[in-house]
Each structure stands twice: as C-alpha cells, then as structure tokens.
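Working notes, structure below.
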Amino acid sequence: MSREDAVPLMSTAEDDDDENALLQTDDPNIRRITHASRGPPEPYCEPGLSGIFASRYVVLCAAFATLGGLLFGYDQGVVSVILVEPQFLQRFGRIADGVPGAAFWKGLATAMITLGALLGSLCQGFLADKYSRKYAIVMSASIFLLGSALQTAAVNYDMLVIARFIGGIGIGGLSMVTPLFISEISPPEIRGTLLVLEELSIVTGIVIAFWITYSTQWIMSEWAWRLPFLLQMVPGLVLGIGIVFLPFSPRWLASKGRDREALESLARLRMLPRTDKRVQLEWYDIRAEVAMQHEIVIEKHPSLQDDSRRSNIKLELAAWADCFGPGCWRRTHVGVGIMFFQQFVGINALIYYSPTLFQTMGLDHRMQLIMSGVLNIMQLVGVSTSIWTMDYFGRRPLLLWGSVAMFACHAVVAGLVGNYGNDWPAHRAQGWTAVAFLLAYMVSFGASWGPVPWALPSEIFPSSLRAKGVAISTCSNWGFNFVIGLVTPPLVESTGYGAYVFFAFFCLLSLAWTWAFVPETNRRTLEEMDEVFKDIRSGHEEARRARIEDELADEWQSSSSTT
C-alpha cells in the first residue's frame, strides 16, 4: 500500500475543517493506535437486537444481501414436493417409481445442484477478490437466473439436469460470498446477529418453497411445477439489480489500495461522519491489517512480485496453498471442520426419514406433507432465537449446547425406533413422542449448528485470504452435503435405529471438537482474529504490526501539517 493511497479523504471545505481539527489532536488513541496502547475499542452499539435498531443502514444492506440465502433455501425446498408430483413425473418419466434405474436418475437430478454449488463456491474465492464482493453477488445471481429459466422451460430430463447444475453454480456462489460481504460490512457488536440472517433467509426460503409447491400441486397442468421454478426468479432478479446500489466492502476497497473510498464506505455503513474516532480507528485497523498481510505475502513469495501474468497465476495458486500453511491452517481446520459436523450431526437423516415415520404412523399423504412442513417451521423457530443469542452468548456456547441437545434427541429417537419401529400403529403414543423429539431436534439444530457454521468461516480468516478461506469452507460444506445425501438413505434403510446411533456419535464428537478447537469470536473485530487464534507467534511479528500502525499514524499527522 503506497503513501499516496493512504492520504485521508477530504472532499468538502467543511469536512476538511473537521478532519484537520481531528488530525491535529494529541489524543494517544489516535496518535498511536496499537491494540496494546489504546485498550478495548469504543463500541458502535449494544450487542444483539438492540444494536440492530442503532445500525439501521448496515442492517438493511445485510438483509438485502441475504436474498441470496433465500434463493439457496428456496431451490433446495422446491424439489421435495415437485419430485413426487404426477404432473412432473409425466414429463420426466425416467424418475417415476417402477421405472428401472429411477432411484439413480432421481438422485442424480437432486445431486446436480450440490455439485454445481461446490464448483460455484470454489470459483467465488477468485471472483470475490478480483471483482469485489458485491459484483460477485451480481455474477452468481445472474447464473442462478439462467439456471432457473432453464429449469422452468425444461422439456426433457437432460435439460433439467443441466439446468439444475447451472443453477447450483449460482447458489454455491451466493452461499459463499453473501456471508463474506455481511461479515466485512458489519460492526463487531452485531456481526453475529447479521450473519444469522443468512441462515434465517435459507430456512425461510425452504419454508416458502415447501408451501408454494404444496399449493401449486393441485394445478392439473405442468404449471404445477413450472410456476414454483419461475417464481424463484423474482428475488433473484431483485438481488442482482439491487445489490449494485449497495456500498462496496470497505475491507475489499482497502485491499485494493482504495483507502479514500474505504473510509467513505465505512462512514456510510456506520451512519457516522468520517471524522468520528471510532470510524477512524476501525479504518486504521483495516489498513494496518492489509499492509501487514501484504508484507507477509511479499516475504513468502518474493519471486512472484513482478506483476507478470505468469507470476500472478502462481501467486493466486500460492494464496490457496497459504490457507493450509503456517499462520492460517488452524483457521482452515475450523472452517472445514465446522462444515463437516454441520452435515454429520444428522439433519438430513431426520429430514429424509420423517416422511417414512409419518407414513408408518398411519398419516395420509396430505398429513405427511403437512408434518414435513412443520419440521421446517421448527427449524425456522430455532434459527430465529439465534438472532439474539449469537451476539449475546457467543458462537462457542451455542455449538456446545447444540451438540448436547441434538445428541439427546438422537438417543431418544434411536431408542423409540429400535423398540417400537416395527409396529407403530400399536404404539401411537411412542410414535408421537418420536415426532416430538424430531421437532425438538430441528429447533436445537436451527438454534446452533444451523447458523453458526455459516457465520464463523467469514469471520476467522485474515484479509488477504478471507475470500479463499470462506470458499474452501463453503465448498467443503457442499462436498459433505453430497456425501451425506448419498449415505443417508441406505443407512436408514439398512440399519433403522442404527442411523440415529451413528449421528448421535457425531454429535458427541462435535462437542469434543468444538471444546478443543473452536475459539470465541464474539465482539472481536475481523482484524483481531490474529489475537483470537494466537497467530502472532513472535516478537518480530508483533513489532511489525506496531511499526505499520505507527507509520499510518505518522502519515495521518504529517498530512495535517501540509493541508
């Protein structure tokens, strides 16, 4: 970062007077900005719900960006009813019951969106760094719209599968870049609350999709399934156009040396003047982190700094490898590990087995669908609680208590299925008890392992590797999602209650893993994650950070004497 890029923004005479007055201060919190000398930063707002009302603009920006999560959830939920509709099966007879190989072709059509999402989330690591977070959202929304249009117009199985793969690329990109964008624009006091909006939006999309398809199934024409596919294009179009008018991430701007714009974007997001001490200190923290990461990259890869195309390609590949190297591997381990356990604590097992359980209890087809919809609503209830709890209690306690609660639910359901699963009609009370614990599990998951894994990876990585680290974490989520989707049906079919024992074991394992490896990030700025993960391991690195922060403070002071 050059000194020219670091000159403070001065746009009007009135702003100049205010800024010069602040620049000439002898306040030690401004003159020397190291964390050790200034103490805890002054908060922007109260944590949790009360902070939302004090940070209206950034909340609106985050809420709008989570339309990407709505698309993600909607496209996942819309298939659950459509795949069993006679109108759909008449068009795509290859997946109808009784047709040879139908189970494989149905599984392929469902899994293609997961494979596309895996590719989309991985590609966004480069696009979000190159073209900005918000333009990466535009690209993903555009790809999603193309996939949705092709799904709506599909006339044969091959076209449907290709359309779902394309749509999956868009969904995967949105699932990666939306939390990244939210984390980089949010004040630390409510960052967790705003990141919960992503999971809340995903589950809301699932619920909306379920009840829309439940309603349209009564349409006797192909519009019973084409209409739900068509409707998902509306929020996609709104997102793709509207996101352009939102501010750039100030941290992305700083990473590109656009410090003037970074300050302006930060002040706009915080609804405060650029001369506010809190804005100035956060701006300095961001720039210091960027400068430090830039020096580290130069030290690691000195031969790749000539800005040639060949060197840039090698530097891009080296950056991906750096996510697994010293100073970052613990963060990548947490990012990938938390996505692994999100899938292996059994959420898909319960969602898969619940229709079968409802059917064996004697419920008719209509009530089976309604109860499946209620399960999704219970997950939404759980996620809603984390809007308050994420920033009040923190990420780590939610994960720990969530693991305990889900283990208990799995254990009870395993016992009931093992003892009474062969004759549910004769044991209706036990059957409804199993249903109650299914609902309790959905609330527990929604309150803990649903939202936290989508929030944590976007917080923990250093600025230079944040997009790539989040991409690796999100990509692994889709990979584990694909694996669990393959193993769950035969596991439940062949072992019965053993599937719940299997997932209960992973709940206990997630408890131990969280206790041993997951630090608390609550109310810490993104620039303080070195301290959280203890990645500054030597006096040399601490001295480097202090030197960079002092240089920035010197630039600030010297600029006032020449103005």
Side-chain angles (χ1 to χ4, degrees), residues 71-120 143-172 205-234 236 348 351-356 359 365-366 368-370 372-373 376 478 481-490 492-493:
L71 300 178
F72 170 17
Y74 185 97
D75 201 80
Q76 280 195 319
V78 78
V79 178
S80 60
V81 177
I82 282 179
L83 283 177
V84 297
E85 286 183 358
Q87 303 92 319
F88 185 79
L89 297 176
Q90 186 175 357
R91 167 63 67 175
F92 306 105
R94 188 182 296 184
I95 63 175
D97 291 340
V99 176
F104 170 79
W105 298 116
K106 182 183 293 187
L108 180 62
T110 304
M112 285 306 288
I113 194 169
T114 304
L115 293 178
L118 190 152
L119 176 63
I143 296 172
F144 174 81
L145 286 171
L146 175 61
S148 298
L150 291 175
Q151 285 183 86
T152 303
V155 294
N156 55 50
Y157 179 83
D158 293 340
M159 184 176 178
L160 176 69
V161 168
I162 293 172
R164 288 191 62 75
F165 180 76
I166 294 173
I169 294 175
I171 285 175
I206 294 174
V207 172
I208 291 174
F210 178 87
W211 292 109
I212 285 179
T213 50
Y214 177 80
S215 301
T216 60
Q217 68 176 324
W218 310 113
I219 300 175
M220 291 298 102
S221 69
E222 289 188 348
W223 282 105
W225 58 270
R226 293 191 190 274
L227 182 59
F229 280 141
L230 180 64
L231 289 176
Q232 70 183 353
M233 297 176 65
V234 176
N348 287 316
I351 291 176
Y352 170 81
Y353 193 63
S354 61
T356 304
Q359 182 181 16
H365 176 72
R366 177 173 174 273
Q368 292 171 35
L369 291 178
I370 290 176
S372 297
N376 290 326
W478 288 107
N481 190 321
F482 179 72
V483 171
I484 207 70
L486 290 178
V487 304
T488 293
V492 173
E493 182 178 348

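Computed from a predicted structure; not experimentally measured.
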Exercise. When rounded to the nearest 0.5 angstrom, what is the spacing between CG in Leu115 and CZ in Phe165?
Worked result: 7.0 Å

Exercise. How about Val99 and Trp105: do any of their side-chain heavy atoms sit closer than 4.5 Å?
Worked result: no

Problem set entry | Close side-chain approach of Gln87 and Arg226, heavy atoms under 4.5 Å | no

For this session: Hey, could you give me the CD/CD1 distance between Glu85 and Ile219, rounded to the nearest 0.5 Å?
Result: 9.0 Å

Seminar exercise, completed: side-chain contact (heavy atoms from CB on, under 4.5 Å) with Arg164: of Ile171, Asp75, Leu150, Thr114, only one passes, and it is Asp75

For this session: Compute the centroid of each ring, for Trp225 and then for Phe92, and state whether the two points are separated by less than 6.0 Å.
Result: yes

For this session: Measure the CG-CD1 distance between Leu119 and Ile169 for me, rounded to the nearest 0.5 Å.
Result: 5.0 Å

For this session: State, yes or no, whether a side-chain contact exists between Tyr157 and Leu108 at a heavy-atom distance under 4.5 Å.
Result: yes

Problem set entry | Closest non-hydrogen atom pair between Pro228 and Ala224, with its separation | CD-O, 3.4 Å

For this session: List the atom of Ile95, the atom of Phe88, and the distance in Å for their closest heavy-atom pair.
Result: CD1-CE2, 3.4 Å

Exercise. So do the side chains of Glu222 and Gln90 get within less than 4.5 Å of each other, counting heavy atoms only?
Worked result: no

For this session: Would you indicate whether the side-chain heavy atoms of Phe210 and Val78 approach each other to under 4.5 Å?
Result: no

Exercise. Any donor-acceptor pair under 3.5 Å linking the side chain of Gln217 with the backbone of Tyr214?
Worked result: yes

Problem set entry | Aromatic ring proximity Trp478/Phe72, centre distance under 6.0 Å | yes

Seminar exercise, completed: Heavy-atom closest pair (Met233 atom, Ser148 atom, distance to 0.1 Å) is CG-CB, 3.5 Å

For this session: Could you tell me whether the side chain of Phe144 reaches within less than 4.5 Å of the side chain of Gln232, counting heavy atoms only?
Result: yes

For this session: To the nearest 0.5 angstrom, please state how far the CD1 atom of Ile166 sits from the CD1 atom of Ile143.
Result: 9.0 Å

Exercise. Would Ile206 and Tyr74 count as a side-chain contact (heavy atoms from CB on, under 4.5 Å) if you check the C-alpha gap in whole Å, the side-chain angles of each, and the deciding distance to 0.1 Å?
Worked result: CA-CA 5 Å; Ile206 294 174; Tyr74 185 97; over 6 Å; no

